[in-house]
Protein chains: 2
Amino acid sequence: MSPARTARALARETITREILDSARARLTTDGAAALSLRAVARDVEMVSSAVYRYFPSRDALLTALLIESYDELGEAAEAADAAVADRADAGARWLAVLRAVRAWCVAHPGEFGLLYGTPVPGYAAPRDTVVPAVRVVTVLARIVGDAYAAGARPVAAPGPGGPGGAPVTVAPALAFIADHELWSGTDLADDAVAEAVRRTIMAWTTLFGLISFELFGHQVGSVADPEAWLDEVARRLAADLGIGA
Amino acid sequence: MSPARTARALARETITREILDSARARLTTDGAAALSLRAVARDVEMVSSAVYRYFPSRDALLTALLIESYDELGEAAEAADAAVADRADAGARWLAVLRAVRAWCVAHPGEFGLLYGTPVPGYAAPRDTVVPAVRVVTVLARIVGDAYAAGARPVAAPGPGGPGGAPVTVAPALAFIADHELWSGTDLADDAVAEAVRRTIMAWTTLFGLISFELFGHQVGSVADPEAWLDEVARRLAADLGIGA
DNA sequence: CACGAGTTGAGAGCACTGCTCTCGGATTGG
DNA sequence: CCAATCCGAGAGCAGTGCTCTCAACTCGTG
């Protein structure tokens, strides 16, 4: 963290932190797309060109914000899960995590827009962002896996035998969830694991949609109490997953 | 449509159309936030200031695009529903509409970003956009209402009597769905209507999340076949709504 | 302590953006 | 035909990301 604690290195750390903090503040007020490097330069009372000593480009700054935010959100989810005393109460863990995820997003709308909103025009998130990005969904999958290991099962699934066609295959890139030791404790067959993964992803999709609607103003006036609405949706999702509240 | 078919009025119509078309094209290539009025001016081979004769500001242009896009999407949904011959087959109508909505969004990613993505920084959508914005969810609610009128019912709901607390109230602004004649044919009690409305909104939330994940690149590598995935999710949602496929 | 090497901040400059203003020319309705 | 209106062009302002140069500062080493 501090390889050579020289005055210069220390100043660099401090200023880098200041830039990041200012950028995140402006993220919330101005939005990710309008993040202006000159504006953060004014915030930290430097000339714009000086900021480039710390971040080689606006995109590099965005990437740093992206990783930091993903990690913060993932940690919030993990902490909420860990805070539930009764580890066997999958319903309580599920609700706690979903509440924590929404709470973080509501508290950090700018960061949420950066993470999950419209991609910033000429910017493509580099590989480094993938690992922190999947922390949240991993937490969700872990809860489901624990519940299934304890004997819980999803309700009658419209899966292979249910209505409609064969379920879609989960691509290899989701192996970190599908192949995870999460499911090793369960006595689920491989296709049952795949089914659980799909349900978890679908639940995560719903949660994301919910938060997105709330933060992007698509449910103003349609949902009176967002917190209560989240609770209700969380319970429904848990019921679908068979990890009753 | 053409009150005074003078040469000037005709030219104005044509150029307005050209500007809108160019703007929508740039929407997909550059993104909504980076929509440059000067760029569309170059496209239509005018000087930037001339464009202001047609749209008083960039925001006004955005609003026009917003309304036009909402209407197009809403019409696509309505058309897909209307195209299903067997009006009593709620499952088929549901699947058709969800497919059509996704198809339109995939075909118009720029417009999707404008409609449902991160709000453009200093821009607030005016009232005019509300009516076209709700066309899609109205189509969904109509299908559910028709099915319930025909006797279908949602599966055991974790509602008032189910697990968890009391369901959240739907705010008055959603009256256009809740108070709609959609439900007058059903013999549902008021709270059952509210329950159906909530389920419809939740399904719409999931659909939006799904499309958003796909278009914003949050499921690259995690879902192999987006179309098949949509079908599967649509069937699960229909099953939850009790309008089985 | 001194000095060369590396780091940092400031400033000017380029090309771009949204937007406002003015000015000459074209079109319109009376 | 003519006054009123509309329209396109151009200049200009303040903002943006980014590059370059230059002077000042800090650092490890001799």
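Side-chain atoms are counted along with the backbone in the values below, which use heavy atoms only and exclude waters and symmetry mates. Each chain gets a letter, A, B and so on, in the order the sequences are listed, and its residues count up from 1. No experiment lies behind these values; they were computed from the predicted model shown.
- Judged by distance alone, with hydrogens and angles left aside, A:R38 brings a side-chain donor or acceptor within reach of the base of D:dG17, the pair sitting under 3.5 Å.
- In this structure, B:D240 does not pair ionically with B:R199, as no charged nitrogen and carboxylate oxygen lie closer than 4.0 Å.
- We find that CD of A:E18 is positioned 14 Å from C1' of C:dG9, with the value rounded to whole Å.
- Proximity of A:S36 to the phosphate of D:dG17: a side-chain N or O atom is located under 4.0 Å from OP1 or OP2.
- Counting non-hydrogen atoms under 4.0 angstrom, A:S48 reaches a base of the nucleic acid.
- Set against C:dG9, D:dC7, D:dC27, the side chain of A:Y54 has C:dG9 as its closest nucleotide.
- Comparing A:L35 and A:R53 along DNA chain D, the residue whose closest nucleotide (by nearest heavy atom) sits nearer the 5' end is A:L35.
- Summarising the geometry, the separation between CD on A:E45 and P on C:dG9 is reported as 13 Å, rounded to the nearest angstrom.
- The backbone N or O of B:A234 sits less than 3.5 Å from a side-chain atom of B:W94, completing a donor-acceptor pair.
- Positionally, the nearest nucleotide of DNA chain C for B:R58 lies more toward the 5' end than for the other of B:R8 and B:R58.
- Going from atom OH of B:Y52 over to atom C1' of D:dC6 covers 19 Å, rounded to whole Å.
- Here the side chain of B:M46 is nearest to one of D:dA9, C:dA10, D:dC18, namely D:dA9.
- Salt-bridge check for A:D43 with A:R26: passed, with a basic side-chain N closer than 4.0 Å to an acidic carboxylate O.
- Using a 4.0 Å cut-off between charged side-chain N and carboxylate O, A:R17 and A:D21 make a salt bridge.
- If you take CG of A:L37 and C1' of C:dT17, they are 16 Å apart, rounded to a whole angstrom.
- Taking the six-membered ring wherever Trp is involved, the centroid distance between the rings of B:F213 and A:F208 falls below 6.0 Å.
- The side chain of B:S49 lies closest to C:dT20 when the candidates are C:dT20, D:dC20, D:dG8.
- When rounded to the nearest whole Å, the span between CD1 of B:I15 and C1' of C:dT27 equals 13 Å.
- A straight line from CZ of B:R12 to P of C:dT28 spans 13 Å, rounded to a whole angstrom.
- In this structure, the CG atom of A:L10 is 14 Å from the P atom of D:dT26, given to the nearest Å.
- One interatomic measurement links the two molecules: CG of A:L61 to C1' of D:dG17, which rounds to 12 Å at whole-angstrom precision.
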